[in-house]
Participant: 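This is the structure, below, for whatever I ask next.
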Amino acid sequence: MKTTSFRGRDFLAETDFSREEIEQVLELAQELKMDRAKGRLHDDLLRAKTLFMIFYNQSLRTRNSFEAGMTQLGGHAHYLDPDKIYRPAMEGREVAYSTERVSDVARVLDRMGDAIAIRCYGDPVDWEYGGAHAMLEEFARWSDVPVLNMEDDIYHPFQGLADTLTVKEKFGGYKGIKYTMSWAYSPSVHKPRAVPQSAILYATMMGMEVTLAHPKGMELDSKILAQCNQYAEASSGSFRITNDFEDGIQGAHVVYPKAWCATPIFQPPVGESDSKKTQAIFDQHKDWICTPGIMDTADKHAIYLHCLPCDRGFEVANEVIDRTTGSGWLSAAFDEAENRLHVQKAVMALVM
Ligand code: CP
């Protein structure tokens, strides 16, 4: 496998990589996954290397899969709470002796370690859409070691990689696979749109038959939608949008329903009244829940995906997410979570 082109590269967005490169990452992830199952270690790959991880937001899967992945490859992942260092801040958002300019933090950490990973969206940037991604780009501009996106307000590229690997494992490829990314109801409106945007980018890049389903008013970023159309054309796949939940799920092989908050209705300055206004829109669509009944309308061998954490009883019924064995449609949400480990190990091994 030709992998030298990855060394030193940032992983901020899937759009920075070609389909061929993404396929190389997935092949390596599968190799690492198989080797781990056989007890074959690769603890020489990143021996004595350090990954610095800055989490502005909470995490179960991302933090632990990066930490476990670094340990398994022979290195170390170092967790940094922005409030326990000097909070990395962009120029203009600095507070004396509380924050430290992103350019300075990047140039300190890159002298001590081998990659810097960051999660940031929502409150830390006052829900200014694109503000967190701009901060990651600023880190990348100043850092001499790779910068990895652990989810920002536009992209969740490692989640999308894990989603794509799960589809590849379950269906053996992408051609003809009907992939539906759907909005689902949640009592919380504080949900970024990085997961659905990355999911549809990868799915169209790989040439699947992609449907984006959401109620009116829950539109995703128009630039992302334009990119999906381009990918679908280049890969001889397809991309369509429907505002009908049932139409979106019918006949799908991949059913991926989750909540997100739309671009136009939740913008800074975000206060109590914005949340209430958004909540009122969400509450009109409580019937967008993934039940066994709706899964029965999907393909007989459909898989249910969710990046997790999910809102049980709102986004999805227990009977769907917990149906991991048996015949007919099944939940692959926990395989998908495990795959975070394998795809991240592959990317870290390649870029670090
Ligand atoms: N899917 C995902 O990113 O999970 P965490 O928020 O737990 O990291």
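Side-chain atoms are counted along with the backbone in the values below, which use heavy atoms only and exclude waters and symmetry mates. Counting convention: from 1, in listed order, for ligands and their atoms alike.
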Participant: Would you say Ser59 has any N or O atom under 3.5 Å from an N or O of ligand 1, going by distance alone?
Facilitator: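 Between Ser59 and ligand 1, an N or O pair is found under 3.5 Å apart.
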Participant: Could you check whether any heavy atom of Met150 sits closer than 4.0 Å to an atom of ligand 1, since that is the contact criterion I want to use?
Facilitator: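 For ligand 1, residue contact (heavy atoms, under 4.0 Å) with Met150 is absent.
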Participant: Trp329 and Asp296: side-chain donor and acceptor closer than 3.5 Å?
Facilitator: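 Trp329 vs Asp296: donor-acceptor pair found between side chains.
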Participant: Near Cys307, which atoms of ligand 1 are under 4.0 Å from a heavy atom of that residue?
Facilitator: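 Reading through ligand 1 atom by atom, the close ones are 1 (N).
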Participant: Return a yes/no value for Pro309: is any of its N or O atoms, backbone included, closer than 3.5 angstrom to an N or O of ligand 1?
Facilitator: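 Between Pro309 and ligand 1 (N or O atoms, distance only) the closest approach is not under 3.5 Å.
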Participant: Minimum distance, heavy atoms only, to atom 6 (O) of ligand 1: which one of Gln58, Arg61, Arg119 is it?
Facilitator: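 Ranked by closest heavy atom to atom 6 (O) of ligand 1, first place is Arg119.
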Participant: In terms of atom number and element, which parts of ligand 1 are under 4.0 angstrom from non-hydrogen atoms of His156?
Facilitator: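 Once the distances to His156 are compared, the set is 2 (C), 3 (O).
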Participant: Assert yes or no for the condition that the ring centre distance of Phe158 to Phe11 is strictly below 6.0 Å.
Facilitator: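 Ring centroids of Phe158 and Phe11 are less than 6.0 Å from each other.
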Participant: Looking only at the side chains, is there a donor atom on one of Asn339 and Glu169 sitting less than 3.5 Å from an acceptor on the other?
Facilitator: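 Looking only at side-chain atoms, Glu169 and Asn339 do form a donor-acceptor pair, the distance falling under 3.5 Å.
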Participant: I'd like to check whether Arg63 has a polar contact with ligand 1, where a contact means an N/O of the residue lying under 3.5 Å from an N/O of the ligand.
Facilitator: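 Looking only at distances, the answer is no, because the N/O contact criterion of under 3.5 Å is not met.
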Participant: Could you check whether Asp163 and Tyr256, counting side-chain N and O atoms only, form a donor-acceptor pair closer than 3.5 Å?
Facilitator: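 Yes, side-chain donor-acceptor contact under 3.5 Å.
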Participant: Strictly by modelled atom types, are Thr297 and Glu246 linked by a side-chain donor-acceptor pair under 3.5 Å?
Facilitator: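 Per modelled atom types, Thr297 and Glu246 side chains form no pair under 3.5 Å.
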